[in-house]
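Remarks on the structure that follows.
Numbering of ligands and ligand atoms starts at 1, following listing order.
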Amino acid sequence: MIIIDKEKCTGCGACVRDCLNKTLILKDGKAEWIRECFRCMHCIAACPAGAVSVDDPEYDMEEVFPIEEASCFIPAEKILNLIRSRRTIRHFQKRGIEKEKLDLLLDAGRFSPTGSNAQNVSYIVIQKEREAFNSVAMRAFRTYNDPKRFAEVYPPPYARDRMDFEDDEFLFKGADTIILTICPRDDNAAIASANMELAANGMGLGMLYVGIFVRLVNRDPSLRQYLGLSEGDHVATALGFGYPDVRYYRTVPRKPARVRWM
Ligand SMILES: Cc1cc2nc3c(=O)[nH]c(=O)nc-3n(C[C@H](O)[C@H](O)[C@H](O)COP(=O)(O)O)c2cc1C
């Protein structure tokens, strides 16, 4: 439940105003939580007095920190430069990603927004079993290496009739750690993935989206079994992370945005 510390509450109404589902009211000059909600926690964030908390074993109030104490503001130009200078990495060093960095990446996903605050993105992190995983993935991929079936997993116009895969790193290009996001909604997983990529760049890591693998894993029973996926589990994104073994010296041009101003 959402708890209001009546001693600390000044009755300013900031939480009531920002409550999407009107589950907070002001009563006798103090905020009161009157019914269950989807726990977006805006009330915790909006309270200047720190009077609001959540009592739920799934949430840890120790994680909450005052925004002014952290350097949360990054000028837009810097954010845009980060977005413009990130590149898909397809050459990785043979260097393992430290556990603390992986935890930080997962936090970048975890703290990303989800529709109705569903927090319904889960993750499979493949690091120790990377070689075995790549070999199972490539075995599955090779079964589509036939002119009739190739477009199922490798869509035109880039697909060739058939490809020669010299090694098991074809899909993930030697990435040290593969993270699969599992989510019924692609949008939630895509937002988490994009934030993870930016966080990776901020730690000297690089990332590769592997769309081919997503198409493969969502249709190949052997691969799904290997990963322990249940029938309803939808793999939304497949991400390869590692220390880049390539350096980019400049940004690239993009087509103008197709925009209709109304
Ligand atoms: C959803 C998605 C799926 C992708 N799938 C693959 C893939 O399977 N293999 C690959 O080498 N690159 C893949 N890419 C990388 C794109 O080819 C790359 O983003 C694009 O060429 C632009 O290059 P940049 O990311 O360096 O700006 C994918 C990118 C996205 C966003």
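- Applying the salt bridge (charged side-chain N to carboxylate O under 4.0 Å, His left out) criterion to E100, with sequence neighbours excluded, gives no partner residue.
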Compile the donor-acceptor pairs under 3.5 Å between side chains in residues 45-53 and protein atoms, sequence neighbours left out, one pair per line.
none

Inset, instruction - Please lay out, stage by stage, how F213 and F172 fare under the test ring-ring contact (aromatic ring centres under 6.0 Å, His included). - result: CA-CA 9 Å; F213 181 80; F172 287 90; 5.3 Å; yes

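- Under the 3.5 Å distance criterion, with hydrogens and angles disregarded, no donor-acceptor pair is assigned to the side chains of T23 and N21.
- A side-chain contact (heavy atoms from CB on, under 4.5 Å) with F241 is found for exactly one of L208, D176, V125, L105, namely L105.
- Protein residues having a heavy atom under 4.0 Å from any atom of ligand 1 are R86, R87, T88, R90, L208, Y209, V210, G211, I212, R254, listed by chain and number.
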Would you give me the side-chain donor-acceptor pairs under 3.5 Å for residues 249-262, sequence neighbours excluded?
none

